Amino acid sequence: MLSQFNRAATHDRPKVVPGFEAIGSNWDNRLGCWMAKILPGEFYITAADEGITTVLGSCISACIRDPAIRVGGMNHFMLPEDTTQGKSAWLDANAGLATRYGSFAMESLINGLLKLGARRERLEVKLFGGGHVLKAAIEVGDRNIEFARQWLRTEGFRVVAEDVGSDVPRRVVYMPSTGKVQVKHLRSTESGDIARREQQHLQSFAKQPVTSDIELF
Amino acid sequence: MARILAVDDSASMRQMVDLTLKSAGHVVVSAIDGVDGLKKASDGDPVDLVITDVNMPNMDGITLVRELRRLPQYRGVPLLVLTTEASAERKQEGRAAGATGWIVKPFDPERLLATVDKVLA
């Protein structure tokens, strides 16, 4: 016990990939490694022997890694509401706010991995979340799952493991160096807080529309 | 109506850019990376505009811009970068390579089309 305590007290946080310094990380005594925690709209990438964790309601997380060079990461996103009338095709340019936002979340994670030397054809993808947690909008989770699956299919990625849907929130712990994932289904009593946080995140899209920053030189 | 070369390694991004440009009547030639883009740009008549991603295998978008600027027929052609990269350093690299403008993803279709019109005018 004492040695474990000493290790916790003296262990330095592994080298953080530039750009991810703002993501909080704590020593996890149970797993004996550092654990970065991400929130809705964030993603995290690491080349170190550390974990990444998040809590998902209707949001979705892709856990992606290159096993050959042991770099990997996780995102955590949900699609903004699509106000277009009717059931729009996901690639309809006029209905595509949700699509563009989701693609951005997926592409940011994958580009970050490629920059660390990962190869697209080696990437291993696991998918979690999309629970029916938001009472007001049961279909939000399904829409997130449907988007993620379709995006991955279009890009030619195969999902090697997933735990999505149903009416449970989840805590996901991902170890990019090994690819191991632990998913804990949380009790529905915990859904309230998670749903509230996701609802806030959903509303933040309305206040701050997703729009491109354009600069002409 | 212009002939536009759109370069991106992401299939879904190629589809989205393609649909957006075609909705405004443009003719789109797609390429999957910088090498493919350079080949398609230099085969036959030059395109009126190039829109390229940055992070791609084989040849990245900034290198593609630099290579295109070396070709006499591309000295005056607008070259736009469309990327998730938003840092001032990367933008400066793009500018130094000869890019005409920088658009950060996720892109807004109407603003992309407005920018295309602007640089083609």
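As the structure is a prediction and not an experimental result, all values here were calculated from the model. Residue numbering restarts at 1 for every chain, and letters A, B, ... go by the order of the sequence lines.
For B:Ala99, the parts sitting under 4.5 Å from any heavy atom of chain A are the backbone and the side chain alike. Heavy atoms closer than 4.5 Å to chain A are found nowhere in B:Asp60, neither backbone nor side chain. Proximity to chain A is absent for every atom of B:Val54, based on heavy atoms less than 4.5 angstrom apart.
In terms of heavy-atom pairs under 4.5 angstrom with chain A, the leader among B:Thr83, B:Asp18, B:Leu80, B:Thr115 is B:Thr115. Highest contact tally toward chain B, considering only A:Glu107, A:Arg120, A:Met106, is held by A:Glu107 [criterion: heavy-atom pairs under 4.5 Å].
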Checklist entry - Between B:Asp9 and A:Glu155, is a side chain to side chain contact (heavy atoms under 4.5 Å, CB included) present by the stated rule, with each step listed? => result CA-CA 9 Å; B:Asp9 59 325; A:Glu155 297 293 330; over 6 Å; no
Item to check | Test log, rule side chain to side chain contact (heavy atoms under 4.5 Å, CB included), inputs A:Leu114 and B:Asn55 | outcome: CA-CA 8 Å; A:Leu114 297 183; B:Asn55 298 302; 5.7 Å; no
Checklist entry - Given the rule in the side chain to side chain contact (heavy atoms under 4.5 Å, CB included) test, do A:Phe217 and B:Thr100 qualify, once you have shown the distances and angles that lead to the verdict? => result CA-CA 6 Å; A:Phe217 302 135; B:Thr100 312; 6.0 Å; no
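Atom CE of residue B:Met13 and atom OG1 of residue A:Thr154 lie 11.5 Å apart, to the nearest 0.5 angstrom. Atom CH2 of residue B:Trp102 and atom CG of residue A:Leu216 lie 13.0 Å apart, to the nearest 0.5 angstrom.
Within 6.0 Å of NZ on B:Lys40 lie more than 12 heavy atoms contributed by other residues, nucleotides or ligands. Within 6.0 Å of CZ on A:Arg119 lie no more than 12 heavy atoms contributed by other residues, nucleotides or ligands.
Two residues are said to be in side-chain contact when any heavy atoms from C-beta on lie closer than 4.5 Å; B:Glu85 and A:Lys115 meet this criterion.
Between A:Asp213 and B:Lys91, at least one side-chain nitrogen of the basic residue sits less than 4.0 Å from a carboxylate oxygen of the acidic one, meeting the salt-bridge criterion.
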